[in-house]
Amino acid sequence: MSSPANDKIREMTNRTNLLGLTSAELNSALIAAGVPEKAAAMRTRQLWNWLYVHGARDFAAMTNLAKDFRVHMADNFALERPQVVTEQVSNDGTRKWLLRSSPGIEFETVFIPEPGRGTLCISSQVGCTLNCRFCHTGTQKLVRNLTPGEIVGQVMIARDALGDWPSTGARPKVAAGFSSGGATRNTSNRSITNVVLMGMGEPLYNFENVKAAMALVTDGDGLALSKRRVTLSTAGVVPMIARAGHEIGSALAISLHAVRDEIRDVIVPINKKYPLKELLEACRSYPGVSNARRITFEYVMLKGVNDSLADARELVRLVRGIPAKINLIPFNPWPGAPYECSDWEQIEKFAEIVNRAGYASPVRTPRGRDIMAACGQLKSESVKLRASERLAEMRSAELARMPS
Ligand code: SAH
């Protein structure tokens with residue numbers, strides 16, 4: 001029986017979301033929806049181009065496709081990005097979006113504009129399991145892993161908001177090489193030039209979905225970001241590091257933060273499972289590591305905890321032989337944080353030791369602190385609900401969306 005309310009439910013429950021599928025999955029979905037096998041490959045290419053090159057948000061916009069085909073697609077499929085709940089703009093130009101993909105699933109994405117580049121910091125999980133003592137996200141329990149569509153959706157939403165699809169041209173663009181292997185599309189002059197997996201969550205605890213999403217982000221016929229401009233940051237899930245190199249192929253950043261196991265065990269507790277020696281060994285053998293593709297070691301400066309000059313010397317000793325950059329991050333405070341940021345002079349002295357040993361040691365300028373968008377400040381209100389609570393919440397959201 002068809003009634004407006006029934007149709008609405010069908011719309012919410014039955015239409016497969018195409019966002020986040022691989023092209024093979026998209027191809028199969030089209031065939032399952034009755035597209036003749038002979039035509040499916042071409043249709044897949046056309047849809048792919050609309051979705052990931054032009055950022056189309058609905059089938060109606062795909063003007064070179066026959067109208068009845070578009071209607072058929074809209075009847076069967078959705079092109080759903082997460083929704084923007086709030087957008088905040090810092091007085092330094094950093095933007096933060098709070099996104100929601102379904103009731104109770106909220107996560108944050110941050111865009112950091114700099115001269116000549118624009119970095120998008122994306123989340124891989126809602127909440128986190130790691131409990132790093134200085135990290136705000138660590139105070140939010142893991143709710144769940146983000147799906148490939150939710151991860152790639154963050155890049156697409158940022159492009160929507162920044163007018164960063166080709167031929168939309170809403171804003172002046174920074175010049176930067178936005179290249180991909182062999183693709184000759186209009187991929188220069190983009191606002192987003194780099195993507196870093198440094199938002200909420202531990203990407204290597206959501207390996208398959210992050211891998212699938214990064215394949216979409218770096219697809220030469222789609223979003224076309226070069227792999228060199230994607231950086232995956234991990235707190236040190238050692239057994240997954242080599243796989244990340246082989247299968248994702250992005251640049252690697254390691255949240256090091258301490259150079260002695262006694263201290264790292266406390267501030268980055270995953271160290272108890274995978275201590276420094278194993279972590280550094282995995283870095284040494286990271287696939288593709290070279291002077292042209294250095295590993296970034298992130299080191300948060302915590303007053304009186306990890307910022308002594310002896311720590312700086314030990315840091316240099318530990319990374320010796322690894323092509324490395326060392327990124328010193330002034331600690332960004334958050335309500336109730338048990339640490340303070342090191343004094344500026346101490347950070348400079350620390351940086352100088354690292355620098356003299358031959359490593360670039362840029363101190364990361366805090367960005368977006370006024371909107372709680374700086375490193376380690378991200379957190380959403382999402383909490384893990386019991387299955388029964390989630391079901392009740394979904395039902396009431398459905399009821400609220402139904403026409404009365
Ligand atoms: N789980 C991954 C991805 C998160 S990256 C990882 O740990 O690498 C977020 C970065 O910001 C990490 O280097 C993290 O250690 C750092 N960070 C966390 N809290 C911070 C804070 N309060 N101030 C500065 N940096 C922080």
Side-chain angles (χ1 to χ4, degrees), residues 94 96 107-110 112 119-142 145-146 151 154 194-207 209-210 213-214 230-238 240-241 244 248 250-259 263-264 266-271 273-274 279 282-283 286 295-303 305-307 325-342 347 362-380:
T94 300
K96 180 171 86 167
F107 43 98
E108 295 188 309
T109 305
V110 178
I112 307 136
T119 304
L120 190 72
C121 176
I122 62 177
S123 295
S124 57
Q125 299 181 311
V126 179
C128 193
T129 55
L130 294 175
N131 296 316
C132 299
R133 285 284 293 279
F134 50 86
C135 179
H136 199 200
T137 311
T139 65
Q140 180 182 10
K141 282 206 179 116
L142 180 73
N145 284 336
L146 292 176
I151 298 170
Q154 296 172 60
N194 294 64
V195 166
V196 296
L197 280 150
M198 296 187 186
M200 297 163 62
E202 170 49 53
L204 294 187
Y205 277 156
N206 184 16
F207 186 84
N209 291 354
V210 165
M214 292 309 104
V230 174
T231 301
L232 183 152
S233 179
T234 178
V237 185
V238 168
M240 302 305 286
I241 289 179
I248 302 174
S250 58
L252 181 68
I254 300 285
S255 291
L256 190 66
H257 305 319
V259 291
I263 299 174
R264 198 164 189 270
V266 175
I267 65 177
V268 185
I270 195 181
N271 193 70
K273 210 163 172 187
Y274 307 116
L279 176 57
C283 293
Y286 185 66
I295 294 176
T296 303
F297 289 94
E298 299 158 279
Y299 198 95
V300 64
M301 300 299 295
L302 303 173
K303 188 174 187 164
V305 176
N306 63 357
D307 64 348
K325 287 183 272 200
I326 291 160
N327 206 181
L328 301 178
I329 316 177
F331 169 69
N332 293 307
W334 40 271
Y339 298 107
E340 271 180 79
C341 184
S342 308
I347 298 180
V363 178
R364 194 180 284 178
T365 317
R367 299 290 304 265
R369 272 186 178 174
D370 55 333
I371 56 167
M372 289 288 285
C375 302
Q377 292 185 314
L378 304 186
K379 181 176 180 177
S380 71

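Atoms within a ligand are numbered from 1 in the order they appear, just like the ligands themselves. Predicted model, so just to flag it, every value in this text is computed and none were measured.
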Atoms of ligand 1 less than 4.0 Å from Ala235 heavy atoms?
-> 6 (C), 7 (O), 8 (O)

Residues that Gln140 engages under side-chain hydrogen bond (donor to acceptor under 3.5 Å, both in side chains), provided they are two or more places apart = Ser380

Which heavy atom of the protein is the closest neighbour of atom 10 (C) of ligand 1, given with residue, atom name and distance?
-> Glu298 OE2, 3.9 Å

Could an N or O of ligand 1 be found under 3.5 Å from any N or O of Leu130, whether backbone or side chain?
-> no

Hey, is Ile254 touching ligand 1 through its side chain, its backbone, both or neither, going by heavy atoms under 4.0 Å?
-> neither

for atom 18 (C) of ligand 1, nearest protein heavy atom and its distance come out as Gly376 CA, 3.3 Å

Atoms of ligand 1, numbered as shown, that sit under 4.0 Å from any heavy atom of Gly201 = 1 (N), 2 (C), 3 (C), 4 (C)

Would one find an N or O of Arg364, backbone or side chain, under 3.5 Å from an N or O of ligand 1?
-> no

Proximal atoms of ligand 1 relative to Gly199 (non-hydrogen, under 4.0 Å) = 4 (C)

Is a side-chain N or O of Arg264 found less than 3.5 angstrom from the main chain of Leu256, in a donor-acceptor match?
-> yes

For ligand 1, which atoms sit closer than 4.0 Å to a heavy atom of Val300?
-> 23 (N), 24 (C), 25 (N)

Nearest non-hydrogen protein atom to atom 26 (C) of ligand 1, with distance, is Cys375 O, 3.5 Å

Assess Trp334 for proximity to ligand 1: is some non-hydrogen atom of it under 4.0 Å away?
-> yes

Strictly under 4.0 Å, does any heavy atom of Gly138 approach an atom of ligand 1?
-> no

Let me know which of Ile267, Ile329, Asp307 forms a side chain to side chain contact (heavy atoms under 4.5 Å, CB included) with Leu302.
-> Ile267

Protein residue, atom and distance nearest to atom 9 (C) of ligand 1, heavy-atom basis = Met198 O, 3.5 Å

With sequence neighbours excluded, residues passing side-chain contact (heavy atoms from CB on, under 4.5 Å) with Leu328 = Tyr299, Met301, Ile326, Phe350, Ala351, Val363

Considering only protein heavy atoms, which is closest to atom 13 (O) of ligand 1, and at what distance to one decimal place?
-> Ser255 OG, 2.7 Å

Mutual orientation of the aromatic rings belonging to His136 and Trp334 [parallel < 30°, tilted 30-60°, perpendicular > 60°] = parallel

Heavy-atom contacts under 4.0 Å between His257 and ligand 1: side chain, backbone, both, or neither?
-> side chain

Residue, atom name and distance, where the atom is the protein heavy atom closest to atom 23 (N) of ligand 1 | Asn332 N, 2.8 Å

